[in-house]
Amino acid sequence: MAKLNFGGVEEEVVTREEFPLEKAREVLSTETIAVIGYGVQGPGQSLNMRDNGFNVIVGQRKGGKSWDKAVADGWVPGETLFELEEALAKGTIICYLLSDAAQIELWPTVKANLTAGKSLYFSHGFGVTYKDQTGIVPPADVDVYLVAPKGSGTSLRRLFVEGKGLNSSFAVFQDATGKAREKCIAMGIGVGSGYLFETDFYREVTSDLTGERGTLMGAIQGIFAAQYEVLRSNGHSPSEAFNETVEELTQSLMPLVAENGMDWMYANCSTTAQRGALDWWKPFRDATKPVFEQLYNSVKSGEQANISITRNSQSDYRVKLEEELAELRESEMWRAGQTVRSLRPENS
Ligand SMILES: NC(=O)C1=CN([C@@H]2O[C@H](COP(=O)(O)OP(=O)(O)OC[C@H]3O[C@@H](n4cnc5c(N)ncnc54)[C@H](O)[C@@H]3O)[C@@H](O)[C@H]2O)C=CC1
Ligand SMILES: CC(=O)[C@](C)(O)C(=O)O
Ligand SMILES: [Mg+2]
Ligand SMILES: [Mg+2]
């Protein structure tokens, strides 16, 4: 592992230089990797591994949208695409990539197929950490590990195709064969990770649930909505409010942050903007920090997992979810965004 300095703290990470693809292929050369579930992570990980030369099959319920997508992506029924049970029986590394709530339902079937020496692979610490609520307790004679790409499966695939890579965390929960760690890292390289940093199942799930509810998804929409509403209620037009809240951020400023950090983005803005942003970031931090503390505590207590399991296990959860997504989509702010996006030169 390469030792690197992260802001003054030394951490060991795994890079593609020290664990090249050829090594990953060698480690997994005798394995049949069964990707169970073809939703968001399933396609990204399975296609990247296939392109990287691994022996991959896909398991998915027949007849639905996901099955058709798998066929369209070149998985061949009876050869590389199977019903869930068949794929579970054939696979020696079971990549459990159903939604976290759906994993509860299929678990007895998965468990029955986990014979000694197989691997159970996750992309989230959820099922194992919240075992009291999920019932997911792996048998003692299998390896259990995770690789959690830090981003959407859609990005994982897109970046791979562009020759780039998303970072992933990895963790070993159970090492029955003595080779779990090596296999885990090989899987991480195989799915197209940029570099890999180590964690454990508990820290993976608590940080992930916090991040997606916080700055990555929940908090960002909340802050967008608050600023947009203030601008609108003070007489600004939707296009002005949207551009000043979202479009400039995603199109101009965040790419600069991604490239070279926040100070560099600031340095490329006016001294007027810099003065204001330097004065205002701390009040925003102070105002939101209590909400983040509340969020983290709710994650830590298991409350967030409980909500997620309960809500996503209801038979009409997709309908309800679609209603809530429609509420976002049909809000004035995001409808304004649709028009703004259509006006980008590359879209017209
Ligand atoms: N969505 C993402 O990009 C990310 C997901 N993860 C993790 O990866 C894992 C997979 O997540 P997603 O790809 O989002 O899953 P998903 O929500 O897209 O579902 C995957 C598949 O599960 C199947 N499915 C749903 N209910 C089922 C049931 N009762 N029985 C059998 N199959 C069923 C669906 O057909 C779908 O193809 C989860 O642990 C998630 O937390 C981790 C990082 C990012
Ligand atoms: C994309 C990702 O890593 C998330 C936000 O944690 C998720 O989809 O669960
Ligand atoms: Mg995540
Ligand atoms: Mg997540």
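One-based numbering, in listed order, for ligands and for the atoms of each. Each residue takes its place number in the sequence, starting with 1.
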In terms of atom number and element, which parts of ligand 1 are under 4.0 angstrom from non-hydrogen atoms of Ser66?
35 (O), 36 (C), 37 (O)
Counting only heavy atoms on the protein side, is anything nearer than 4.0 Å to atom 8 (O) of ligand 2?
no
Just jot down the ligand 1 atoms closer than 4.0 angstrom to any heavy atom of Leu97, in number order.
10 (C), 15 (O), 20 (C)
Taking only heavy atoms of Met217 into account, list the atoms of ligand 2 that are under 4.0 Å away from them.
5 (C)
When you look for heavy atoms under 4.0 Å from ligand 1, do you find them on the side chain of Ser99, its backbone, both, or neither?
both
Does Gly44 have a non-hydrogen atom less than 4.0 Å from ligand 1?
no
Under-2.8 Å protein N/O/S neighbours of the Mg ion (ligand 3), ordered by chain then residue number
Asp208 OD1
Can an N or O of Ser152 be found at a distance shorter than 3.5 Å from an N or O of ligand 2?
no
Phe126 near ligand 1, heavy-atom distance under 4.0 Å?
no
Gly42 N/O to ligand 1 N/O under 3.5 Å
no
For Pro149, counting its heavy atoms only, list the atoms of ligand 1 lying under 4.0 Å from any of them.
43 (C)
From Tyr121 OH over to Lys183 NZ, what is the distance, rounded to the nearest 0.5 angstrom?
14.5 Å
Under 3.5 Å, N or O to N or O, is Val40 touching ligand 1 that way?
yes
Got an N/O contact under 3.5 Å between Asp208 and ligand 2?
yes
Those atoms of ligand 1 less than 4.0 Å from some heavy atom in Gln60
35 (O), 37 (O)
Would Gln103 count as a contact of ligand 1 if the rule is a heavy atom under 4.0 Å away?
yes
With heavy atoms under 4.0 Å as the rule, classify the contact between Leu84 and ligand 1 as side chain, backbone, both or neither.
side chain
Hey, is ligand 1 close enough to Glu105 that some N/O pair sits below 3.5 Å?
yes
Polar contact flag for Gly37 and ligand 1 (N/O pairs, less than 3.5 Å)
no
